[in-house]
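Here's the structure we're looking at; comments come further down.
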Amino acid sequence: MGCIIKPLVTEKMNAATEKLSNRFGFVVLPQASKLEIKKEIEELYNVTVLDVNTINYMGKSKSRYTRKGYTKGRTNAFKKAIVTLKEGETIDFYSNI
């Protein structure tokens, strides 16, 4: 278990949630399957999951010129899951703050 890393709370995901109030995003482990993601979200948040869409993001190469010279690096690759819940159900990420 433990395939969910963190919920996605970004401006883009918040806009999508406002448009369709039953969709939420999560960053998950790259080897997690849709069935594992569905099962874990249903257990953690006590909701009914109708659909899970996954997206694999590749790490991007970044470079910049600094005082010490030219530096190169890479951002991390990750997998994102967009979960559609049953109509009328919601997840409150801010409840335990």
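Please read all numbers here as calculations on a predicted model, not as lab measurements.
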Would you be so kind as to tabulate the donor-acceptor pairs closer than 3.5 Å made by side chains of residues 25-35, with sequence neighbours excluded?
from : atom 1 : to  : atom 2 : distance (Å)
S33  : OG     : E36 : N      : 3.3

request  = Establish whether M58 and I55 are linked, either directly or via other cluster members, by ILVMFWY side-chain heavy-atom contacts under 4.5 Å.
outcome  = no
Exercise. Find out if a path of hydrophobic residues (ILVMFWY) with successive side-chain heavy-atom gaps under 4.5 Å connects L50 to I37.
Key: no
Give, for atom [atom1] of [X] and atom [atom2] of [Y], the distance between the pair rounded to the nearest 0.5 Å.
| X | Y | atom1 | atom2 | answer |
| --- | --- | --- | --- | --- |
| T48 | E87 | OG1 | CD | 12.0 Å |
| L85 | I41 | CG | CD1 | 7.5 Å |
| L8 | M13 | CG | CE | 7.0 Å |
| D92 | F24 | CG | CZ | 8.5 Å |

Give me the atom names and distance for the closest heavy-atom approach of [X] to [Y].
| X | Y | answer |
| --- | --- | --- |
| Y57 | K80 | OH-NZ, 3.2 Å |
| E42 | V47 | CG-O, 3.2 Å |
| V49 | K38 | O-CE, 3.4 Å |

Next on the checklist: Closer than 3.5 angstrom, by distance alone: can the side chain of E89 be matched with the main-chain N or O of N22 as a donor-acceptor pair?
Outcome noted: no
With a 3.5 Å cut-off and no angle check, do the side chains of T17 and R23 form a donor-acceptor pair? no
